[in-house]
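Heavy-atom basis, side chains included; hydrogens, waters and symmetry copies ignored. Source: prediction; values computed, not measured.
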Amino acid sequence: MPRITASSQQHTCQIIPFQMEITSRQQAYLTRWVQAAQPMGICDADVFVSEQKQAGISAGYVVVWVRETPDPAYQIYCHGNRWIVMDAIRDNKLGSFNTFADALNMIRPVMPREQGIVAA
């Protein structure tokens with residue numbers, strides 16, 4: 001019977017990065033957030049799908065416009081299990097959050113935060 005040694009064994013491991021996508025529930029939350037944030041300068045927001053796929057980064061992302069500029073002001077996307085908020089004008093990372101609601105709240109805190117609400 002052949003003897004198997006540690007040096008003769010080959011282990012291959014394929015790592016599949018975890019990534020979240022924007023759900024219909026989050027899109028509905030985004031719509032309510034935009035309506036609530038309009039008096040605070042938010043003009044619009046929309047969900048787009050990136051043509052470039054990157055491991056661990058969601059294909060869908062949110063772009064937020066404010067009344068001060070015609071260009072998008074913020075971008076929100078998921079990296080792994082964290083929601084990233086970017087300054088879309090200066091391309092700076094503004095924060096990393098556990099939930100989609102927390103990411104929107106960083107931009108404009110207009111939605112009531114209830115215990116037990118799930119808008120991850």
For the atom pair [atom1] ([X]) and [atom2] ([Y]), what is the distance rounded to the nearest 0.5 Å?
{"X": "L94", "Y": "Q75", "atom1": "CG", "atom2": "CD", "value": "11.0 Å"}
{"X": "C43", "Y": "E68", "atom1": "SG", "atom2": "CD", "value": "7.5 Å"}
{"X": "S24", "Y": "L30", "atom1": "OG", "atom2": "CG", "value": "12.5 Å"}
{"X": "M106", "Y": "I84", "atom1": "CE", "atom2": "CD1", "value": "11.0 Å"}
{"X": "R67", "Y": "M40", "atom1": "CZ", "atom2": "CE", "value": "9.5 Å"}

Using side-chain heavy atoms (C-beta onward) and a distance below 4.5 Å, is [X] in contact with [Y]?
{"X": "Y29", "Y": "L104", "value": "yes"}
{"X": "I107", "Y": "I76", "value": "yes"}
{"X": "Q38", "Y": "V34", "value": "yes"}
{"X": "M86", "Y": "N92", "value": "no"}
{"X": "F48", "Y": "V63", "value": "yes"}
{"X": "N105", "Y": "M111", "value": "no"}
{"X": "I42", "Y": "V64", "value": "yes"}

### Summary
Sorted by chain and number, sequence neighbours left out, side-chain contact (heavy atoms from CB on, under 4.5 Å) with T31 holds for Q35
### Counterpart residues, side-chain contact (heavy atoms from CB on, under 4.5 Å), relative to D71 (two or more places apart)
T69
#### Entry: Heavy-atom closest pair, residues R108 and A37
CB-CB, 4.2 Å
### Distance-minimising heavy-atom pair for I89 and P72
CG1-O, 3.5 Å
### Task
Report the residue from Y77, W83, W33 that forms a ring pair (Phe, Tyr, Trp, His ring centres under 6.0 Å) with F100.
W83
### Message
Let's go through V85 and Y74 carefully: what are the C-alpha distance in whole Å and the side-chain angles of both, what is the deciding distance for side-chain contact (heavy atoms from CB on, under 4.5 Å) to 0.1 Å, and is it a yes or a no?
### Response
CA-CA 7 Å; V85 178; Y74 301 97; 4.3 Å; yes
